Engineer: 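A single structure is presented below for examination.
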Amino acid sequence: MDHACNIIANTLCYFFFIAILLLFVNASTAETHYHDFVIQATPVKRLCKIHNTITVNGQFPGPTLEVNNGDTLVINVVNRARYNATIHWHGIKQIRTAWADGPEFITQCPIRPGGSYTYRFTIQGQEGTLWWHAHSSWLRATVYGALIIYPKEGEFYPFLKPRRETPILLGEWWDANPIDVVRQATRTGAAPNVSDAYTINGQPGDLYRCSSKDTTVVIVDSGETNLLRVINAALNQALFFAVANHKLTVVAADASYVQPFTTSVLMLGPGQTTDVLIDGNQPPGRYYVAVRAYASAQGPFDNTTSTAILAYKDTPCSVQGIKINPIFPSLPAFNDTATATTFSTSFRSPRQVDVPTEIDENLFFTVGLGLNNCPRGVSRSCQGPNGTRFTASMNNISFVLPPNFSILQAHHQGIPGVFSTDFPVVPPVKFDYTGNLSRSLWQPVRGTKVYKLKYGARVQVVLQGTNIVTGENHPIHLHGYDFYIIAEGFGNFNPQTDTAKFNLVDPPTRNTASVPVNGWSVIRFVASNPGVWLIHCHLDVHITWGLAMSFLVENGVGELESLEEPPVDLPVC
């Protein structure tokens, strides 16, 4: 008996020792990465003209950050521009570190010109392609870069390691100062001017004036498999993406792996990322990578096409002095919602996931545009349709940023009067959301309202698009969380019939959901990260107009379920 007890005790000690050793090994392989970001004006020439463009470290796009799962980032941001600025680490969960999330007046006051702030956070249980960008006014038009999270040391991709990996950042370029563009729109109440070009890794490509000599080139070799990390950093436009004569195998999205599927075209809403494998299986040559708008709304849009070149190694640009033009891909029409839907509904998690099935908070949010009537005597500031001003809302509340405190600071310090906790669970009026709508529904109420969630609450949100002014595909991004997209569809969500479409087995994990034009998406998550978390449309023109709200997630029990104390250098308003 004593001998058997000794064996059991020794076995338990052995496993305890191994567990401690594994924890030590994981801790010892994690690194802390230190970076300096200087936000500054930099001369950048595009479309034949030099603009004093706001950049990070003089780079456009900005620096690529590369880390491993479990690493810590410490990034000192110095603002030498003439505008307020913040940086958001898009898709990073910020477990207990909401102070580092970045949206101005939500989790921090902006970094004033001449000021600085150090963002500190640890990557916890995430790997794949994310990105960082400014989250103040329209600075993110040019202030953005890739954030790539590799597996922990000794761990691997769930697919064969690619020969090369290339970040592909899709953007928009204005032949003007983007801050001036949004300020003019705010003054007039009209829609802002659309962009003048799309870009791939900062370059418009061969189809624009003064651009062909700097077109982005992506190298591939025959027989090899490469990984493209595609990021839609465009300010206001969903985009189609294709590579001539090459299929793309989707393996991840928003830094979550998916069941691989093959497609000839991607559709990414602003904020979304998609990782694809591409095989060098075509005759050696030069093939265009092309990007154009998926424009689901009625109204003007940038109808140009950006290109890069996928070039096989050692392929000449010309033969006997005759230039060889790259092969051009077939792109969907700008309004091809069927192709966009086929793509967005193809995502599945690689295995069964733990979707919340018992729901504590069942929320229904309308998302869409609106029009404010013009106050008397200020017609020059009412140049929207029929003398109105454009606006946008969730559940008829047009979100207003507080001017003097961040919401998180006001919550943490108990400062009254900054926000209220009465954001409605459902729209104040039930109506035919995607049908012909009464004009009485077009004017929302302005407010700084949040919805409070208890720590650990299991949350379902129906995101219902509306046809007010115009229907549109809305990329809805939730800060601080990933979520499961369990269903999407067109028309008005019907709780009696549409619940049959719920995928509670292997839905995809995302941080940004493309709500279909005149349709709906249903997401679920567990509120296990305390703080104040913005949820908003990632078309920046829409968040400017108020298409946003915030969740206030309360602390749980003990230190590990509670928000950390604010950093000592947190900017003041």
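Given the structure is predicted, the values throughout are model-derived calculations rather than measurements. In what follows, residues are counted from 1 in the order of the sequence shown.
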Engineer: Ignoring hydrogens and angles, tell me if any N or O in the side chain of N529 forms a donor-acceptor pair with the backbone of R96 under 3.5 Å.
Structural biologist: yes
Engineer: Report yes or no: do N492 and T434 form a side-chain donor-acceptor pair below 3.5 Å?
Structural biologist: yes
Engineer: Has the side chain of S349 got a donor or acceptor atom that lies under 3.5 Å from a matching backbone atom of P507?
Structural biologist: yes
Engineer: For the residue pair S398 and T391, confirm or rule out a side-chain donor-acceptor distance under 3.5 Å.
Structural biologist: yes
Engineer: On a heavy-atom basis, which atom in W99 and which in T107 lie closest, and how many Å separate them?
Structural biologist: CE3-O, 3.7 Å
Engineer: When you measure from the side chain of N232 to the backbone of G271, do you find a donor-acceptor pair of N or O atoms at a distance under 3.5 Å?
Structural biologist: no
Engineer: Under a 3.5 Å distance rule, please check whether S296 uses its side chain to pair with a backbone N or O of N473 as donor and acceptor.
Structural biologist: yes
Engineer: For a 4.5 angstrom cut-off between non-hydrogen side-chain atoms, does T64 reach I148?
Structural biologist: yes
Engineer: Minimum heavy-atom separation for P428 to N396, with atom names?
Structural biologist: CG-CB, 3.8 Å
Engineer: How far does NE2 of H479 sit from CG of L534, to the nearest 0.5 angstrom?
Structural biologist: 4.5 Å
Engineer: Evaluate the criterion side chain to side chain donor-acceptor pair (under 3.5 Å) for residue pair Y117 and Q108; output intermediate values, then yes/no.
Structural biologist: CA-CA 10 Å; Y117 178 46; Q108 68 168 95; 5.3 Å; no
Engineer: With a 4.0 Å cut-off on N to O distance, would you call R510 and D482 a salt bridge?
Structural biologist: no
Engineer: With side chain to side chain donor-acceptor pair (under 3.5 Å) as the criterion, how do N373 and Q443 come out once you've worked through the C-alpha distance, each side chain's angles and the decisive distance to 0.1 Å?
Structural biologist: CA-CA 7 Å; N373 294 328; Q443 183 161 322; 2.9 Å; yes
Engineer: I'd like to know if the side chain of N57 reaches the main chain of V38, judged simply by a donor and an acceptor atom lying under 3.5 Å from each other, with no hydrogens or angles considered.
Structural biologist: yes
Engineer: Would you mind reporting whether H474 and S514 have side-chain heavy atoms less than 4.5 Å apart?
Structural biologist: no
Engineer: What pairs of residues pass the side-chain hydrogen bond (donor to acceptor under 3.5 Å, both in side chains) test when at least one of them lies in residues 355-366, not counting sequence neighbours?
Structural biologist: D360-R458, E361-Y451, N362-Q460, T366-N395
Engineer: Rounded to the nearest 0.5 Å, how far apart are CD of Q40 and OG1 of T42?
Structural biologist: 4.0 Å
Engineer: Just verifying a value: how many Å separate N511 CG and H477 NE2, rounded to the nearest 0.5 Å?
Structural biologist: 5.5 Å
Engineer: Going by atom type alone, with no hydrogens or angles, which donor-acceptor pairs under 3.5 Å involve a side-chain atom of residues 172-179 and a protein atom two or more places apart or on another chain?
Structural biologist:
residue : atom : partner : partner atom : Å
E172    : OE1  : L235    : N            : 2.9
E172    : OE1  : N236    : N            : 2.6
E172    : OE2  : S195    : OG           : 2.8
W174    : NE1  : N193    : O            : 2.9
W174    : NE1  : V194    : O            : 3.3
D175    : OD1  : H51     : NE2          : 2.7
D175    : OD2  : R209    : NH2          : 3.2
N177    : OD1  : I179    : N            : 3.0
N177    : ND2  : Y83     : OH           : 2.8

Engineer: T142 vs T53, test: side chain to side chain donor-acceptor pair (under 3.5 Å). Steps then yes/no.
Structural biologist: CA-CA 7 Å; T142 54; T53 300; 5.9 Å; no
Engineer: Looking only at side-chain N and O atoms, does T544 offer a donor or acceptor that is under 3.5 Å from a partner on W138?
Structural biologist: yes
Engineer: Nearest heavy-atom pair of P151 and E155: which atoms, and what distance?
Structural biologist: CB-O, 3.7 Å
Engineer: Ignoring hydrogens, what is the shortest heavy-atom contact between P444 and A392? Give both atom names and the distance.
Structural biologist: CG-O, 4.5 Å
Engineer: Nearest 0.5 angstrom please: T273 OG1 to L268 CG, how far?
Structural biologist: 7.5 Å
Engineer: Can you check whether I407 reaches V450 side chain to side chain, under 4.5 Å on heavy atoms?
Structural biologist: yes
Engineer: Check whether any side-chain heavy atom of I39 sits under 4.5 Å from a side-chain heavy atom of V77, and report yes or no.
Structural biologist: yes
Engineer: To the nearest 0.5 angstrom, please state how far the CD atom of E104 sits from the CG atom of N84.
Structural biologist: 6.5 Å
Engineer: Quick check: closest heavy atoms across L539 and P475, and the distance to 0.1 Å?
Structural biologist: CG-CD, 3.7 Å
Engineer: Between Y455 and S528, is there a donor-acceptor pair closer than 3.5 Å when you use the side chain of the first and the backbone of the second?
Structural biologist: yes
Engineer: Are any side-chain N or O atoms of Q237 and backbone N or O atoms of A234, one a donor and one an acceptor, separated by less than 3.5 Å?
Structural biologist: no
Engineer: Taking the ring centre of each residue, are F423 and F365 less than 6.0 Å apart?
Structural biologist: yes
Engineer: Please identify which of these residues, Q124, E153, E127, meets the side chain to side chain contact (heavy atoms under 4.5 Å, CB included) condition with N69.
Structural biologist: E127
Engineer: With ring centroids as reference points, do H538 and H90 lie under 6.0 angstrom apart?
Structural biologist: yes
Engineer: Measure across P385 and L371 and return the closest heavy-atom pair with its distance rounded to 0.1 Å.
Structural biologist: CD-CD2, 3.8 Å
Engineer: P63 versus V56: any side-chain heavy-atom pair under 4.5 Å?
Structural biologist: yes
Engineer: Can you confirm if the aromatic rings of F121 and Y119 lie within a centre distance of less than 6.0 Å?
Structural biologist: no
Engineer: Closer than 3.5 angstrom, by distance alone: can the side chain of D71 be matched with the main-chain N or O of N68 as a donor-acceptor pair?
Structural biologist: yes
Engineer: Quick check, are the ring centers of W132 and Y144 under 6.0 angstrom apart?
Structural biologist: no
Engineer: Does some side-chain heavy atom of L453 sit less than 4.5 Å from a side-chain heavy atom of L552?
Structural biologist: no
Engineer: Kindly determine whether D422 and S420 satisfy side chain to side chain donor-acceptor pair (under 3.5 Å), including the steps that lead there.
Structural biologist: CA-CA 6 Å; D422 56 343; S420 64; 2.5 Å; yes
Engineer: For the pair N201 (side chain) and P167 (backbone), establish whether a donor and an acceptor sit closer than 3.5 Å, ignoring hydrogens and angles.
Structural biologist: yes
Engineer: Would you confirm whether the ring centroid of F390 sits within less than 6.0 angstrom of the ring centroid of W545?
Structural biologist: yes
Engineer: Would you list the atom pairs, donor with acceptor, under 3.5 Å between side chains in residues 554-572 and any protein atom, with sequence neighbours excluded?
Structural biologist:
residue : atom : partner : partner atom : Å
N555    : OD1  : L563    : N            : 2.9
E561    : OE1  : V557    : N            : 2.7
S562    : OG   : G558    : O            : 2.7
E565    : OE1  : H412    : NE2          : 3.3
D569    : OD2  : T118    : N            : 3.0

Engineer: Between T97 and A100 (side chain of the first, backbone of the second, donor and acceptor by atom type, cut-off under 3.5 Å), is there such a pair?
Structural biologist: no
Engineer: Angle between ring planes, H135 versus H88, binned at 30° and 60°: parallel, tilted or perpendicular?
Structural biologist: perpendicular
Engineer: Let me confirm one number: the CG-CG distance from L147 to L73, rounded to the nearest 0.5 Å.
Structural biologist: 6.0 Å
